[in-house]
Amino acid sequence: MEFGLSEEQILLQDSVNRFLSDQVPLDRVRKFAEEKDAGDDIWQGLVELGIPGLIIPEASGGVGLGKLDAAVVSECLGYHVTPAPFIGTVIMAPVALIESGKREDLLRAIAAGESKVGVAFGESIGARADAGIEFDGSKLTGKALFVLDYLADFVLVATNDKKLLLVSSDADGLDKRELTTVERTRRTGELVFNNTPAELISEDLEVYLKVLDAGRVMLAADTLGAAQNMIDQSVAYAKVREQFNRPIGSFQAVKHMCAEMVANLEPCRALVWYAGYALDEVPEEARLTACHTKAHLSEVGKAVSKTATEVHGGMGFTDLLGLHYWFKRIGFNRQILGAPELIREEAARVQNLVT
Amino acid sequence: MEFGLSEEQILLQDSVNRFLSDQVPLDRVRKFAEEKDAGDDIWQGLVELGIPGLIIPEASGGVGLGKLDAAVVSECLGYHVTPAPFIGTVIMAPVALIESGKREDLLRAIAAGESKVGVAFGESIGARADAGIEFDGSKLTGKALFVLDYLADFVLVATNDKKLLLVSSDADGLDKRELTTVERTRRTGELVFNNTPAELISEDLEVYLKVLDAGRVMLAADTLGAAQNMIDQSVAYAKVREQFNRPIGSFQAVKHMCAEMVANLEPCRALVWYAGYALDEVPEEARLTACHTKAHLSEVGKAVSKTATEVHGGMGFTDLLGLHYWFKRIGFNRQILGAPELIREEAARVQNLVT
Amino acid sequence: MDLSYGSEYETFRTEVQTFLEKHKDTPTQGALRSENVLNWQRTLIENGYAARTIPKEYGGYGAEPNILESRIIAEEFANAQMSQGQGGQGISMLVPTLLEMGTEEQKKQFIGPTIRGEMIWCQGYSEPSAGSDLASLRTSAVLDGDEWVINGQKIWTSTAHMADWIFCLVRTEPEAPKHQGISFLLFRMDSPGIDVRPLVDMTLNANFNEVFFTDVRVPKDQIVGQRGQGWLVANSILGFERGSLASPDAMLMRLNALIDLMQKETINGQSLMTYPSYRDRLMQIQARVMAMQFNDMRILSSRINKNQDTKLASMIVKLQGTELRHELEALALDVMGELGMAIGDNPYLRDKGLWQYHYMYFLGLIIGGGTNQIQKNIIGERGLGLPREPKVEINK
Amino acid sequence: MDLSYGSEYETFRTEVQTFLEKHKDTPTQGALRSENVLNWQRTLIENGYAARTIPKEYGGYGAEPNILESRIIAEEFANAQMSQGQGGQGISMLVPTLLEMGTEEQKKQFIGPTIRGEMIWCQGYSEPSAGSDLASLRTSAVLDGDEWVINGQKIWTSTAHMADWIFCLVRTEPEAPKHQGISFLLFRMDSPGIDVRPLVDMTLNANFNEVFFTDVRVPKDQIVGQRGQGWLVANSILGFERGSLASPDAMLMRLNALIDLMQKETINGQSLMTYPSYRDRLMQIQARVMAMQFNDMRILSSRINKNQDTKLASMIVKLQGTELRHELEALALDVMGELGMAIGDNPYLRDKGLWQYHYMYFLGLIIGGGTNQIQKNIIGERGLGLPREPKVEINK
């Protein structure tokens with residue numbers, strides 16, 4: 001019995017964290033956020049660490065690790081607000097391809113760091129602004145909003161009726177435009193499909209759900225990391241910032257704000273670990289755990305991001321410390337792949353508590 | 001323009017408070033709670049103050065005041081956790097009789113302090129445990145749970161379809177038994193109707209709603225008073241109780257708990273006043289305000305009752321200070337005549353936000 | 001309780017309406033100090049709709065203070081969607097201070113141009129190391145002959161980049177206890193040695209500035225109150241700022257806009273209002289907005305009827321109002337899902353992106369103007385009489 | 001991550017199951033010290049299912065500590081709904097303390113009868129004026145010849161009315177700094193001068209007592225540790241208590257009972273589970289219960305694998321667990337509406353009124369065992385290394 005990270009997982013965590021601390025500090029993130037570059041070197045570094053092939057079987061050129069390992073990496077990326085096409089390329093697309101047994105070639109290309117894949121799932125979860133996507137057996141019609149990494153080589157698209165398709169970036173009848181969001185460490189855009197050729201990956205609802213569950217757990221892990229960083233920054237700030245001749249952390253109000261953040265977040269760590277583990281090892285609990293993990297981390301992340309900003313006082317509100325990069329990443333994670341209220345209804349349905 | 005209590009209302013408040021402080025201190029309440037008496041002297045004192053006829057027109061022997069005046073009195077009763085058949089006898093029954101123009105004689109008897117009226121409304125709002133009441137044109141069948149002042153001379157009954165009826169305490173086919181609840185400052189019971197003769201007071205939904213709105217605002221006012229008392233006790237305790245060589249109120253944690261209670265409750269005072277005023281003077285806003293006032297005071301009351309208990313530490317948990325009488329009264333007010341979630345749905349319906 | 005204004009006020013309301021009708025085509029918008037703006041401000045003052053209670057001798061309209069009249073003016077201007085003229089910290093904070101604490105010369109010199117919108121001010125209070133503990137400010141002013149020589153830094157200085165003058169707290173007696181060593185100076189923003197740098201905040205706007213002073217020279221008499229009395233002078237107006245951070249009227253407007261949004265926006269074609277959990281949160285917020293609205297009316301009313309005690313009701317406005325407003329905007333983001341994340345040139349932007357902007361801005365206001373933690377101290381100590389924390393003097 | 005117990009443990013599990021099967025008709029319930037209870041306790045100890053790690057020489061089973069085995073025993077006894085034997089503060093707190101700090105004589109004298117359920121203990125720590133600030137306790141013990149003479153009062157003493165002995169903190173050196181003047185005494189509850197009065201709490205039960213001491217005489221050697229070391233002795237076991245106040249297993253049981261309740265109970269014939277706002281609250285609580293469950297598994301696991309750091313994960317259990325449990329019970333009350341208010345002989349009582357009882361009892365636990373405000377201090381200071389509040393000594 002061992003509930004915790006293995007030595008290998010701790011090594012993985014350390015090596016990713018070391019790379020990100022050294023090579024992708026906040027100044028580097030800012031450059032990406034201000035659209036001064038596309039973050040290619042960041043991705044290249046992650047490729048060198050073997051991240052793209054993390055959950056791809058060794059037989060397909062990957063590392064063959066599990067979803068808990070991937071959650072550990074996702075947490076690191078959130079901790080460092082790292083701009084990287086992780087959720088689509090490293091998680092959701094590989095899960096789709098592995099589960100469906102399709103496009104071994106693409107799986108290999110992903111593992112080799114040669115291909116990236118974006119994700120257009122919003123419309124299958126709950127289409128906004130009259131967006132929506134239909135597939136007629138060979139072509140896609142409609143539009144997808146807030147597509148993650150919409151400029152990637154491929155996009156994994158889920159239709160309104162939850163079919164999974166792969167669309168090539170240079171497909172005919174595909175229009176793209178950037179959709180600017182408050183979260184500048186990720187690029188999101190709109191895709192308009194006009195009879196766009198697409199390859200059917202799966203019509204199996206179970207496959208769709210596995211892909212979605214995995215994506216949600218990774219977003220929750222990302223929020224876990226981002227929130228942990230905000231707590232770490234808050235505690236460090238509260239120790240050195242002085243007002244009324246005392247470090248502000250010696251005031252009960254500030255101390256208790258820090259304690260409440262920790263008390264809320266700490267159990268989330270075990271929840272995320274279990275959710276990652278369950279994706280591979282406890283299939284009968286995977287869906288419910290994924291739902292609760294995504295929804296709960298969204299709530300805790302929201303509370304932590306507010307409180308941490310408050311602990312920093314006016315400095316927290318400025319761009320000077322860049323605290324808002326974490327704030328916004330947590331806010332964005334909350335909304336994509338299903339906002340908490342919607343996911344909680346799913347959690348009730350999974351348990352047959354509602355029809 | 002005057003948003004506040006008039007001089008007359010302040011005088012009324014002072015006289016009721018003075019009577020309750022002097023004649024109905026906590027020890028007196030305890031006697032009632034421990035079922036050592038029926039509280040007749042308390043009621044007699046309120047009769048002498050003219051409370052029963054508060055909103056009954058002078059022409060019917062009452063004082064002819066408004067619902068805001070009644071809310072002021074209800075707040076006093078909550079402040080002192082006073083055992084008294086107020087909601088039914090002084091508010092809901094008179095509103096029903098005045099609005100329907102029925103039973104002038106009973107109205108006079110109420111005003112004179114000679115008759116008391118209980119309230120069985122739970123089933124018309126949302127019947128629990130398969131209770132429910134039907135009226136066949138002359139007789140009542142079914143059962144009503146958690147009837148307030150179920151031993152009163154009459155009970156104002158609302159059927160499942162929201163007809164209002166008056167049942168005499170000694171009617172044929174009427175069985176009564178006490179339903180003990182955590183709130184010992186009120187007597188509640190079950191009434192079983194077996195073809196029980198009853199007098200139809202109103203079939204008009206508007207009348208039913210006016211009676212309900214008035215009852216809800218008074219419960220909210222009661223919670224306002226009870227919560228205010230808990231805050232007053234907390235602040236007083238925090239000034240004298242010492243730990244670590246300091247009054248606990250000098251610790252930021254305790255100070256902020258007190259401040260948060262005040263910050264939550266203080267706007268409720270204006271809300272209750274307006275809701276009371278609107279019942280008489282702004283009919284188009286009365287329902288929505290009544291709904292929001294009942295629901296919101298329930299939420300704030302719950303938070304205040306928890307925090308105030310915590311401020312008192314272990315003492316708050318004991319029976320020694322009797323703080324729990326307020327805690328339980330607030331808890332009971334929350335549930336009767338509609339729990340917050342249910343009332344908020346009503347508030348949405350009143351505004352046509354949901355069908 | 002009587003929520004009517006009475007017939008004499010209805011006459012006044014008609015006058016305001018007539019004025020607004022007459023001027024409905026008058027241009028009122030424009031840059032600071034532009035002709036439209038200055039003309040409109042002059043018209044407003046002449047008719048008593050701006051600077052209403054400022055004495056005539058200082059350029060105002062000279063009416064007696066009357067809260068209901070002010071309220072009616074605000075209501076009617078809002079209904080007509082007409083500008084109520086110039087605002088800003090000069091008019092809202094400095095002018096009342098000068099009326100209270102200024103010399104006759106200062107009143108004559110500054111009040112007129114300020115209320116006419118010709119003279120724009122900024123406020124120099126906070127410093128990087130003096131936030132909640134404002135009285136620990138370090139910007140120094142040393143007397144050198146007939147001039148103060150100022151060195152130091154201010155932060156959170158809104159409009160500094162557009163201001164003609166600054167009213168500024170500086171330390172003039174470094175040896176005195178911290179509250180007694182501060183003075184309140186007025187000086188021109190084009191004085192040599194002033195460097196204004198925009199301060200970008202989390203909304204990615206430069207809503208504020210940092211202002212650096214290097215040997216800025218200021219004539220000795222440009223001080224309000226006595227040397228070392230600056231803390232008193234500043235506190236005579238700090239109250240003005242706090243209440244205004246959480247206006248219940250603005251909150252009600254936002255609530256109604258949110259109801260609108262929830263009715264219009266959809267998920268899979270179904271209105272957001274049909275989602276019970278969102279609706280429940282909306283109703284909770286609506287009740288709280290109502291409570292704050294009535295609380296505000298109660299406070300307003302107590303300024304007319306001095307018998308009503310609204311001390312606590314007033315003290316909690318900043319704390320409750322900013323938190324509630326933040327939550328209201330947060331609900332809007334939640335119901336919008338991904339759409340709520342849009343900013344800038346995003347074609348799916350809703351309501352110009354104001355929901356996202358306000359969500360962050362009101363987090364700023366939870367912190368600004370005395371953090372909500374400091375507010376709770378004030379409510380506990382000054383409102384409820386709870387004992388202060390024992391003072392600790394740490395020598396370093 | 002590996003949530004299986006491994007095959008060697010499955011053998012152990014089978015052994016436990018066999019034992020339970022064999023004893024499934026053995027009577028285990030009864031009053032303290034009753035024959036059934038004492039017999040069952042003896043059987044449990046003989047088989048290693050109680051006092052498992054207590055050395056044989058003191059009457060225990062003498063096994064090596066093994067967390068997984070303990071867990072399996074707990075799981076299987078819970079599955080079989082069989083009593084795991086005697087608990088109480090003697091077994092959970094005093095025995096570990098004696099093992100750590102007691103003399104050989106004390107171990108021999110007290111541990112055996114205590115674990116066999118023959119000797120019942122109560123704990124004398126808190127006093128009316130020493131709650132959060134426990135170290136300020138005033139109950140005095142003065143040495144008079146070979147005896148301590150004890151005067152003072154304790155509160156929150158559960159089982160005092162049934163206890164044979166008390167372990168008690170008393171002040172023996174009134175001149176020493178407060179943490180250094182305390183001693184840890186053991187004495188009989190039938191000593192002359194002890195008055196036990198039931199303490200009724202908000203649930204209207206006497207879950208606790210007040211205990212008054214008037215010239216109670218205690219042999220000098222009934223002290224654990226040295227004179228003045230009582231604070232250290234007591235703190236070596238305080239940690240045991242806090243975690244147990246918020247058991248995630250109990251929480252999960254309550255959650256499942258709540259789901260049951262919401263499916264069964266109705267409003268107008270419609271299941272409570274069909275109400276979206278209640279369901280949403282239920283799902284929020286379920287996620288939090290899950291998180292606390294996994295957090296507990298993580299802590300358990302870290303006791304086996306010392307490389308895992310679960311310091312913070314452990315520190316937050318009391319704070320989060322008691323608040324969550326209180327909220328869980330509160331949701332049950334809300335969904336039940338008026339039914340949730342029922343107590344006592346009310347025929348509409350649900351689940352014996354436990355929802356209402358626990359709602360209040362867990363508010364008591366939010367306060368008890370170190371209030372949640374004190375918990376936050378501890379998390380901030382010991383967990384996060386935030387500076388302590390400056391000490392203030394006020395002389396009166």
Assert top hit (heavy-atom pairs under 4.5 Å, partner chain C, pool B/I10, B/L288, B/V354) equals B/V354

Could you check C/R288 against B/E299 for salt bridge (charged side-chain N to carboxylate O under 4.0 Å, His left out), going step by step and ending with a plain yes or no? CA-CA 11 Å; C/R288 292 166 64 193; B/E299 301 293 10; over 6 Å; no

Contact class of [X] relative to chain B, heavy atoms under 4.5 angstrom:
{"X": "C/L68", "answer": "side chain"}
{"X": "C/Q293", "answer": "neither"}
{"X": "C/I259", "answer": "side chain"}
{"X": "C/T274", "answer": "neither"}
{"X": "C/Q284", "answer": "both"}
{"X": "C/I299", "answer": "neither"}

Kindly give the heavy-atom pair with the smallest separation between [X] and [Y], and that separation in Å.
{"X": "B/K239", "Y": "C/G385", "result": "CE-O, 3.2 Å"}
{"X": "B/V235", "Y": "C/L386", "result": "O-CD2, 3.9 Å"}
{"X": "C/L384", "Y": "B/A259", "result": "CD1-N, 4.3 Å"}

Does any backbone or side-chain atom of [X] lie under 4.5 Å from a heavy atom of chain C? Answer side chain, backbone, both or neither.
{"X": "B/Y274", "answer": "both"}
{"X": "B/E281", "answer": "neither"}
{"X": "B/N264", "answer": "both"}
{"X": "B/L68", "answer": "side chain"}

Donor-acceptor check, side chain of [X] to backbone of [Y], threshold 3.5 angstrom: yes or no?
{"X": "C/Q320", "Y": "B/A263", "answer": "yes"}
{"X": "C/Q308", "Y": "B/L5", "answer": "yes"}
{"X": "B/K255", "Y": "C/P387", "answer": "yes"}

Determine, stepwise, if the pair C/N295 / B/E266 fulfils side chain to side chain donor-acceptor pair (under 3.5 Å).
CA-CA 8 Å; C/N295 190 63; B/E266 200 53 35; over 6 Å; no

Worked verdict on B/E345 versus C/R279 for side chain to side chain contact (heavy atoms under 4.5 Å, CB included): CA-CA 8 Å; B/E345 271 299 84; C/R279 205 163 59 227; 2.5 Å; yes

side-chain hydrogen bond (donor to acceptor under 3.5 Å, both in side chains) with C/K376: of B/E260, B/Q252, B/H256, only one passes, and it is B/E260

